[in-house]
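Report on the structure given below.
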Amino acid sequence: RLLKKDLHQKEKIREHLLRFSHLFDGINNKLNEFVDLFPVHPDYITYFEKIKHGKHQREILKALSTNFLRMMEEDVPESDPGLITYDQYWNEISQPSMLSIPDIRTLKDKMEIIEDRINNHFTGARANRKVLASKISKALAIRILCDDLDKKNGANALSLKEDICMTIPGVDDPEFLLDTVESTAKQLINATSGQYVDKD
C-alpha cells in the first residue's frame, strides 16, 4: 500500500528509469520490479530482511516513511535514478535508540572513524568521490550486520554499483562507472590504511 501507483504514474516512472537502464543491469533486467517498488531499490528490502537487528516490520515502514517525507519536498532528479538504496538504512539503524545492541554500537564506533578518514582523504582532486565513498562504506556496514561481526561479508565493485545506483556527472558508460566505483573503493582502503576496509 505504501508504494501503490496508478498506470499513469507507472508509465512516468518507467520513462524516468529507462534513462539509466544502460548504466545499471538491475534496472534493465528487472524494470517492472523497479517500477513497482519505486522509489525503493528492490535490494533495500532484500538486505533489510537479511539484517540481524532492527528488522521488524514497523522499523522498515518507519525508515521508508522518513525517506518519503524528505523526498516529497524534492523534484525527481534529472541525472540520477533517485532510488532509496540499502546504504541509506545505515542512517536509521545507527540512531541512538539502536545503540544498546552491542554489534551496532561496535560498528557505529568504527563507522565514525571511517567517516572521519573519508573527510580527511577525499579532498582536492578526490573531493568529487567523497559522497560515493561514504555510500560504499555505509553499504558495507549494512552487509556486515547481515552476519556476525567476525565474519567477512563484503561486496565487489559490480554489486556496489548495482546496489547503490549512484550516477556520476560526466560518466555515461557502465564500464567507466564500474571502474569509478572500483577506484573509489580502493581509495577508501587507502584512506583507512586497510584497517577498517580491505580487499581480499
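Hydrogens, waters and symmetry mates are skipped; everything else that's a heavy atom, side chains included, is used.
Expressed to the nearest 0.5 Å, how far CG of Leu178 lies from NZ of Lys161 amounts to 6.0 Å. The distance from the CD1 atom of Ile142 to the OG atom of Ser137 is 10.5 Å, given to the nearest 0.5 Å. Atoms NZ and CD, from Lys110 and Gln195 in turn, are 9.0 Å apart once rounded to the nearest 0.5 Å. Interatomic distance, CD of Gln187 versus OG1 of Thr180, reported as 12.0 Å (0.5 Å rounding). The structure places NZ of Lys135 at 12.0 Å from CD1 of Ile118, a figure rounded to the nearest 0.5 Å. Interatomic distance, CG of Asn67 versus CD of Glu92, reported as 6.0 Å (0.5 Å rounding).
With a 4.5 Å cut-off on side-chain heavy atoms, Asp43 and Thr85 do not count as touching. Between Met111 and Lys138 the shortest side-chain heavy-atom distance falls below 4.5 Å. The shortest distance between side-chain heavy atoms of Val131 and Met166 falls below 4.5 Å. Contact annotation: the side chain of Phe176 never approaches that of Val181 to less than 4.5 Å [non-hydrogen atoms, C-beta and beyond]. No side-chain heavy atom of Leu177 sits less than 4.5 Å from a side-chain heavy atom of Thr167. Between Leu145 and Trp90 the shortest side-chain heavy-atom distance falls below 4.5 Å.
His22 pairs in a side chain to side chain donor-acceptor pair (under 3.5 Å) with only one of the listed residues (Asp172, Asn28, Asp173), which is Asp172.
Heavy-atom contacts from other residues, nucleotides or ligands closer than 6.0 Å to CG of Leu69 number more than 12. Heavy atoms of other residues, nucleotides or ligands lying less than 6.0 angstrom from NZ of Lys5 number more than 12. Atom CG of Asp6 is surrounded by more than 12 heavy atoms from other residues, nucleotides or ligands within 6.0 Å.
Checked by atom type and distance alone, the side chain of Ser21 never pairs as donor or acceptor with a backbone atom of Ile27 at under 3.5 Å. Checked by atom type and distance alone, the side chain of Glu73 never pairs as donor or acceptor with a backbone atom of Arg70 at under 3.5 Å. Using a distance-only test at 3.5 Å, with no hydrogens or angles considered, a donor-acceptor pair links the side chain of Asn119 to the main chain of Glu115. For the pair Thr192 (side chain) and Leu188 (backbone), a donor-acceptor distance under 3.5 Å is present. Under a 3.5 Å cut-off, the side chain of Arg129 and the backbone N or O of Thr184 do not form any donor-acceptor pair. With hydrogens and angles ignored, the 3.5 Å screen pairs a side-chain donor or acceptor of Arg126 with a backbone N or O of His121. Using a distance-only test at 3.5 Å, with no hydrogens or angles considered, a donor-acceptor pair links the side chain of Gln88 to the main chain of Leu83. Remark: side-chain polar atoms of Ser134 are not paired, donor with acceptor, to backbone N or O of Lys130 under 3.5 angstrom.
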### Task
List the steps and the verdict of side chain to side chain donor-acceptor pair (under 3.5 Å) for Glu162 and Ser159.
CA-CA 5 Å; Glu162 293 294 324; Ser159 65; over 6 Å; no
Go through the steps to decide whether Phe24 and Leu17 satisfy the test side chain to side chain contact (heavy atoms under 4.5 Å, CB included), and finish with yes or no. CA-CA 10 Å; Phe24 304 105; Leu17 291 177; over 6 Å; no
Apply side chain to side chain contact (heavy atoms under 4.5 Å, CB included) to Arg105 and Asp109, showing your working.
CA-CA 6 Å; Arg105 173 74 258 179; Asp109 291 342; 2.4 Å; yes
Criterion salt bridge (Lys or Arg N to Asp or Glu O under 4.0 Å) on Glu78 and Arg19, from CA distance to verdict: CA-CA 9 Å; Glu78 292 289 327; Arg19 296 169 55 202; 3.6 Å; yes
- Message: As a quick check of understanding, evaluate side chain to side chain contact (heavy atoms under 4.5 Å, CB included) for Ile84 and Phe38, giving each step before the final call.
- Response: CA-CA 8 Å; Ile84 299 171; Phe38 188 83; over 6 Å; no
Tyr86/Ile164 under side chain to side chain contact (heavy atoms under 4.5 Å, CB included): CA gap, chis, key distance, verdict | CA-CA 7 Å; Tyr86 70 80; Ile164 294 172; over 6 Å; no
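Ile189 and Phe122 end up in the same hydrophobic cluster when Ile, Leu, Val, Met, Phe, Trp and Tyr side chains are linked at under 4.5 Å. In the hydrophobic clustering of this structure, Ile13 does not group with Val76; members are Ile, Leu, Val, Met, Phe, Trp, Tyr whose side-chain heavy atoms approach within less than 4.5 Å, directly or through other members.
Of all heavy-atom pairs between Pro77 and His16, the closest is O-CE1, 3.1 Å. Minimum heavy-atom separation, Ser79 to Phe20: C-CE2, 3.6 Å. The minimum heavy-atom distance between Leu160 and Ala139, with the atom names listed, is CD2-CB, 4.0 Å. Summarising the geometry of Met71 relative to Gly82, their closest heavy-atom pair is CE-O, 3.4 Å, with the distance given to 0.1 Å. Cys146 and Lys50 make their closest contact through SG-CB, 3.7 Å (heavy atoms, listed as atom of the first residue, atom of the second, distance).
Checked against a 6.0 Å centroid threshold, the rings of Tyr89 and Phe48 count as neighbours.
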Check: residues 30-37 side-chain donor-acceptor pairs under 3.5 Å, at least two apart:
{"unit_1": "Asn32", "atom_1": "OD1", "unit_2": "Arg14", "atom_2": "NH1", "d": "3.1"}
{"unit_1": "Asn32", "atom_1": "OD1", "unit_2": "Arg14", "atom_2": "NH2", "d": "2.9"}
{"unit_1": "Asp36", "atom_1": "OD1", "unit_2": "Lys10", "atom_2": "NZ", "d": "3.2"}

